[in-house]
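Worksheet: the structure to be examined is printed underneath.
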Amino acid sequence: MKKILIITLFLFTGTIFAQQDTIISSVQREEAHKLILEHVYKSFRVPHQAYNDSISRISYRVQFVIDENGEVTEPEIISKNTECRACEIEIMRVMKSAPTVSPIILDNRKVKAIFILPFSIIIQ
């Protein structure tokens, strides 16, 4: 039986500035979203453990910061629905190698922004 992998990535569900309640513009958010999603689609490889453990769906929420230089930093899995250590290692590898995006600008200053990325893997 052939197994089919589907990776589902949703729009960033939350965007928060450190020490501020301001939401960034949709243009900045969409640009960062597009570049990071393309990177995840191209780079994420489902570990063999996910197939071996008969896992059918893995859902994560990954939080990370886009710093003043546009680099993705501080990736962290903030929620998950199942244990798959190999999958978590792969998610962290992909996020740590994410491309630099345009820095977030607020009031003509480059600022750090926290993003949350819902990430699901469905194996059939």
Correct closest heavy-atom pair for Val72 and Ala98 would be CG2-CB, 3.8 Å

For Ser59, enumerate each residue passing the side-chain hydrogen bond (donor to acceptor under 3.5 Å, both in side chains) test, keeping only those at least two apart in sequence or located in another chain.
Arg57, Ser120

In short, salt bridge (Lys or Arg N to Asp or Glu O under 4.0 Å) pairs touching residues 92-106 with sequence neighbours left out are Glu90-Arg93

If we ignore hydrogens and angles and just use 3.5 Å, is the side chain of Ser43 paired with the main-chain N or O of Val40 as donor and acceptor?
no

So how far is it from Leu37 CG to Phe119 CZ, rounded to the nearest 0.5 Å?
10.0 Å

Considering residues at least two apart in sequence or located in another chain, which fulfil the salt bridge (charged side-chain N to carboxylate O under 4.0 Å, His left out) criterion with Glu68?
none

Answer yes or no: is there a side-chain heavy-atom contact under 4.5 Å between Val101 and Ile66?
yes

Those residues that, when tested against Lys110, pass salt bridge (charged side-chain N to carboxylate O under 4.0 Å, His left out) (two or more places apart)
none

In this structure, CD1 of Ile122 is separated from CD1 of Ile58 (nearest 0.5 Å) by 10.5 Å

Listed by chain and number, what are the side-chain contact (heavy atoms from CB on, under 4.5 Å) partners of Ser79, not counting sequence neighbours?
Arg61

How long is the straight-line distance from OG1 of Thr82 back to CD of Glu88, given to the nearest 0.5 Å?
9.0 Å

Please report the interatomic distance SG(Cys87) to CZ(Phe44), rounded to the nearest 0.5 Å.
5.5 Å

Side chain to side chain contact (heavy atoms under 4.5 Å, CB included) assessment of Val46 paired with Ile121:
CA-CA 8 Å; Val46 176; Ile121 304 164; 4.2 Å; yes

So which atom in Glu31 and which in Ser102 form the shortest heavy-atom distance, rounded to 0.1 Å?
OE2-OG, 2.6 Å

Would Ile104 and Phe115 count as a side chain to side chain contact (heavy atoms under 4.5 Å, CB included) if you check the C-alpha gap in whole Å, the side-chain angles of each, and the deciding distance to 0.1 Å?
CA-CA 11 Å; Ile104 305 303; Phe115 285 80; 4.3 Å; yes

In Å, rounded to the nearest 0.5 Å, how long is the span from CD1 of Ile89 to CZ of Arg85?
4.5 Å

Quick one: side-chain contact (heavy atoms from CB on, under 4.5 Å) partners of Glu76, sequence neighbours excluded?
Gln63, Ile78

Would you please name every residue forming a side-chain contact (heavy atoms from CB on, under 4.5 Å) with Thr73, sequence neighbours left out?
Val65, Asp67, Glu71

Considering all heavy atoms, the nearest Cys84-Tyr60 contact
O-OH, 3.5 Å

Rounded to the nearest 0.5 Å, what separates atom CD1 in Ile114 from atom CZ in Phe64?
11.0 Å

